Amino acid sequence: MSKVRVRFTPSPVGYLHVSNARIALINYLFARKHKGELLLRIEDCGKDRMTDEAFEQVTKDLRWLKIEWEEGPNKGGPYGPYRQSLRGKIYTERLNYLIEKKLVYPCYATQKELEQLYADQRQRGEKVHYDNRARNLSEAEKLEYENQGRKPVWRFKVEPQKIVFHDMLLGMMTFDTFEMNDFVVMNADHTPSPIFAITVDDAQMKISHVLWEQNHLQHIPAHILLFNALGYHIPQYGHFEMMYGVDSQPLYKQDLCDIYSCSHLRRNGFLPESIHNYLLLFGKDTLSSTTHKLDDFIEGFTVSPSTKTYVTFDPEALKKINRCCIQSADLIRIADLTLPYLKENKMISSNLAQGDYEYIIKVIDLIRNQVDSLAEINDYAGIFFFDYVALPNALTQKLSESLNQNILRAIDKVLDEEKDLVEVNVPFDEFCSRIVELTQADQGMIQSVLRWVLTGLEHGPELQNSTNYCQKKK
RNA sequence: GACCCCAUCGUCUAGUCAGGCCUAGGACACAGGGUUUUCAUCCCUGCAACAGGGGUUCGAAUCCCCUUGGGGUCGCCA
C-alpha cells in the first residue's frame with residue numbers, strides 16, 4: 001500500500017462541532033495507526049472565504065482535541081496552498097486539460113432558463129436534472145452566446161456506464177450514470193465547483209483515503225469520473241454515519257446551533273478526553289467504564305463495516321463521561337483548569353498567594369466528585385469563598401416547616417451554649433449528636449437543614465469537611 | 001416529486017454484511033437496597049426493546065416483499 005495520507009477539511013464558517021470533531025479524530029487516528037500523514041485543507045472555493053479569525057478558531061479547537069496535522073495552511077507542505085481559494089491557477093490548468101480532451105463543454109443557459117426547466121420537471125414529478133442541452137452546441141451558436149455577453153459554466157460529459165467502488169464501511173457500491181446529469185466543474189465566475197476542486201486537490205495532494213460523512217456519498221460517482229478523466233488514482237473511500245442532534249437533524253445542517261460546538265463544550269468545562277472517549281466509544285460496552293487517553297486508541301483503531309446511516313449525539317452521555325474524567329484526572333490539572341471559572345465569578349483574585357492555591361486545591365478536590373463539568377464547580381464553590389450566602393425562596397419555605405423549625409431552634413440552642421467555643425471548632429459529629437438528643441430527629445434531616453442554612457444549596461459536597469466555615473448563622 | 005438509505009429498552013446504542021453462541025448485551029434515566037453518622041458521590045440489584053404485516057428456512061433482530069415512520073441526494077448551494 002502506498003503511503004497513507006488523509007485529510008480533514010473544516011468548513012469556512014470556522015467552528016468545529018462534535019460531528020466534525022469525530023471525523024477529524026477518525027482521520028487523525030487512521031493516519032497515526034498507519035504511520036501516515038494528516039493534512040488540513042480549507043474548502044472555501046465558494047462564496048464563503050475563511051477569515052483568519054475562523055481559522056484560528058478551528059485550529060484552536062483541533063489543538064484542544066490534541067489532533068496534530070503534518071500539512072496545512074500556516075504550516076505549509078509540498079502540495080500547497082492548502083486553501084482552495086488560493087488554488088485558482090491549479091483548477092484553471094486542470095480545466096484546460098479537460099477542455100483539450102473534449103471531456104467538458106461550455107453551457108450558456110441562464111439561471112432563469114434553468115429554473116424554468118427545473119420547475120417544469122418538478123411539476124411533472126420527474127427527477128430534477130439538467131437536460132444536457134448545451135452538449136452539442138455548434139461553434140456558431142457558442143459565438144452568438146459569447147456576443148450576447150453570456151459567460152459559460154463548464155460541464156462534464158457523463159457517458160452511460162456503471163461505476164463500482166468499494167467503500168470501507170458500506171462494502172461494494174454500484175452506481176449507474178444513467179441517473180446523473182452533466183455536472184458543473186467550473187462556475188461562470190470562474191470558481192471551481194466543489195466536486196471539481198475536491199477531486200483535483202485530493203489527487204494533487206496524494207490523498208490515499210477519503211474518510212468523511214455519508215452526505216458526500218451521492219457525489220462519489222462524479223468524483224470517480226473526474227479522477228478517471230484526469231488520469232488520477234482513485235482514493236479509497238470510507239463513508240461514516242452522519243451525526244444527528246437530539247432533534248433528529250444532522251449536525252452539519254445546524255449552522256446556528258452552537259450547543260454542539262467544541263468551543264462551547266470547552267468553555268463549559270468539558271475535558272478533551274471526554275470528547276475522545278465519547279466520540280470513539282459510544283455504543284460500546286467499554287464506554288464510561290474506563291477512560292482512555294487519545295494515544296490508547298491508536299493501536300486498536302480500525303474502520304469496520306457498518307450499514308448505519310446515522311448516530312445521535314447524546315449530551316447526557318457525554319456529561320456522564322466528563323464526570324468520570326474529572327474524577328480520575330490529575331487534581332492539579334483540574335484545579336488549574338478550574339481557576340479561570342473561579343476568577344470569572346470573583347471568588348478568587350487574579351493574584352494568588354501560595355496558601356490560597358493550596359486551599360483552592362483542597363476545595364476543588366472536595367467538590368469535583370459532584371459535578372458533570374468544571375463550570376459546575378462554581379455552583380458549589382460559593383460557600384468556600386464568600387462570607388454570606390443567599391437563601392433561595394424554595395429553601396426558606398422548606399425551613400419554615402415545623403419539624404425543620406424544631407431543628408433550627410435546637411441548632412440555635414446548641415450554638416448559644418457553645419458560644420465561647422464557636423470560634424474554636426465544635427467537632428461536627430458531636431454537634432450533630434447534641435441536636436439529635438434535643439430533637440429526636442433523623443440524622444439525615446438534621447444534616448440537610450444544616451446544609452441548607454450553611455450553603456443555601458440543596459445538594460453539595462460532603463458536609464463535615466465543609467464545616468470549617470461554620471461561623472455563619474442564618 | 002424522483003432516486004438511495006435507515007428503523008432494537010423511556011434515551012443513546014451492541015448484535016444485522018458472513019441466520020443458530022440472543023431466554024437480545026452495555027451505558028444513561030428510573031425504582032429498590034448497601035457504604036458514607038448527611039443530600040449527593042460510590043457499589044449492588046431490578047424495570048424495560050427487535051416499528052407493523054407477510055414470506056424464505058429445521059431455525060430470523062439478522063435474508064426477501066409490502067405498509068408506516070425518519071433521513072440523505074437531486075442547483076452556477078457547499
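Only a predicted model underlies this, so the values are computations on that prediction, with no experimental measurement involved. The chains referred to below are lettered A, B, ... by the order of the sequence lines, with proteins before strands, and numbering in each begins at 1.
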Name all residues meeting the side-chain contact (heavy atoms from CB on, under 4.5 Å) criterion together with E53(A); count only those two or more places apart in sequence or in a different chain, and write none if there are none. T51(A)
Counting any heavy atom closer than 4.0 Å, what does M242(A) reach on the DNA or RNA strands: base, sugar-phosphate only, or nothing? sugar-phosphate
Would you measure the distance from the P atom in U8(B) across to the matching atom in G70(B) and give it in whole Å? 14 Å
Cation over ring, K89(A) on Y91(A), under 6.0 Å and within 45°? no
Cation-pi, F313(A) ring and R22(A) (6.0 angstrom, 45 degrees): no
Quickly work out the L279(A) CG to U13(B) P distance and round it to whole Å. 12 Å
Backbone N/O of I326(A) and side chain of R368(A): donor-acceptor pair under 3.5 Å: yes
Measuring only the P atom in each nucleotide, how far is G19(B) from A40(B)? A whole number of Å is fine. 49 Å
Is there a residue in residues 144-156 of chain A whose heavy atoms reach under 4.0 Å of RNA chain B, and which residues are they? V153(A), R155(A)
Just by distance, with hydrogens left out, do R94(A) and Q204(A) show a side-chain donor and acceptor under 3.5 Å apart? no
Report yes or no: do E273(A) and N277(A) form a side-chain donor-acceptor pair below 3.5 Å? no
Taking the same atom, P, in C58(B) and in A49(B), what whole-Å distance lies between them? 30 Å
Quantified in whole Å, what is the C1' atom distance between nucleotide A7(B) and nucleotide A51(B)? 7 Å
With F183(A), the ring pair (Phe, Tyr, Trp, His ring centres under 6.0 Å) member among F156(A), Y130(A), F196(A): F156(A)
Lys/Arg-Asp/Glu bridge criterion (N-O < 4.0 Å) met for R41(A), E43(A): yes
Atom pair distance, as rounded to whole Å: CE in M173(A) and C1' in G72(B): 12 Å
Does a side-chain N or O from K320(A) land closer than 4.0 Å to OP1 or OP2 of C42(B), or not? yes
For T191(A) and C76(B), is the shortest distance between a side-chain N/O and OP1 or OP2 below 4.0 Å? no
Out of C76(B), U41(B), G75(B), whichever nucleotide has its closest atom nearest the side chain of Q370(A): U41(B)
B/S/- along nucleotides 1-6 of chain B (protein heavy atoms under 4.0 Å) is BS--SS
For E43(A), report the nucleic acid contact type (base, sugar-phosphate, nothing); a contact means any heavy atom under 4.0 Å. sugar-phosphate
Pair assignment for G69(B), Watson-Crick or G-U wobble, requiring both distances under 3.5 Å: C6(B)
Name the closest nucleotide to the N181(A) side chain, picking from G75(B), U13(B), U73(B). G75(B)
Ignoring the backbone of Q327(A), work out which of C42(B), A78(B), C76(B) is nearest its side chain. C42(B)
Would you find a donor on one side and an acceptor on the other, under 3.5 Å apart, between the side chain of D182(A) and the backbone of N132(A)? no
Could you identify the nucleotide paired to A27(B), looking across every strand shown and requiring Watson-Crick or G-U wobble geometry with both distances under 3.5 Å? U11(B)
Nucleotide paired to G19(B) in any strand shown, Watson-Crick or G-U, under 3.5 Å: none
Salt bridge present between R135(A) and E159(A) (N-O < 4.0 angstrom): yes
P atom, G10(B) versus U57(B): distance in rounded Å? 34 Å
Side chain of Y278(A) - closest among U41(B), C28(B), C12(B): C12(B)
In whole angstroms, how far is the C1' atom of C43(B) from the CZ atom of R323(A)? 15 Å
Side-chain N or O of Y118(A) less than 4.0 angstrom from OP1 or OP2 on C76(B)? yes
In terms of the nearest nucleotide of RNA chain B, which residue is placed more toward the 5' end: I195(A) or S306(A)? S306(A)
Under the salt bridge (charged side-chain N to carboxylate O under 4.0 Å, His left out) test, which residues partner R150(A), sequence neighbours left out? E113(A)
Indicate, with a heavy-atom threshold strictly under 4.0 Å, whether E115(A) touches base, sugar-phosphate, or nothing. nothing
Can you check the distance between C74(B) and G53(B), where both ends of the measurement are the C1' atom (answer in whole Å)? 32 Å
Quickly work out the M243(A) CE to U13(B) C1' distance and round it to whole Å. 12 Å
Output the residues of residues 198-205 of chain A in contact with RNA chain B, where contact means a heavy atom of the residue under 4.0 Å from an atom of the strand; sort by number or write none. none
To the nearest Å, give me how far apart NZ (K319(A)) and P (C12(B)) are. 16 Å
C74(B) phosphate, OP1 or OP2, under 4.0 Å from H219(A) side-chain N/O: yes
For C50(B), the Watson-Crick or wobble counterpart (both distances under 3.5 Å): none
Whole-Å distance separating the CD atom of E113(A) from the P atom of C76(B): 12 Å
Kindly point out which of C76(B), U13(B), U73(B) is positioned nearest to the side chain of V311(A)? U13(B)
Taking side-chain contact (heavy atoms from CB on, under 4.5 Å) as the definition, give me every residue that meets it alongside N20(A), ordered by chain and number, with sequence neighbours left out. F8(A), L16(A), H17(A)
Using atom C1' in both nucleotides, what's the gap between C9(B) and A48(B) to the nearest angstrom? 5 Å
Ring centres of H276(A) and F297(A) under 6.0 Å apart? no
N-O pairing of E115(A) and K112(A) below 4.0 Å: no
For E144(A), does the CD atom sit with more than 12 other heavy atoms under 6.0 Å from it, leaving out its own atoms? no
Please state how far atom CG in D372(A) lies from atom C1' in C28(B), giving the value in whole angstrom units. 11 Å
Taking the same atom, C1', in A31(B) and in G69(B), what whole-Å distance lies between them? 32 Å
N322(A) has an atom CG; how far is it from atom P of C12(B), in whole Å? 21 Å
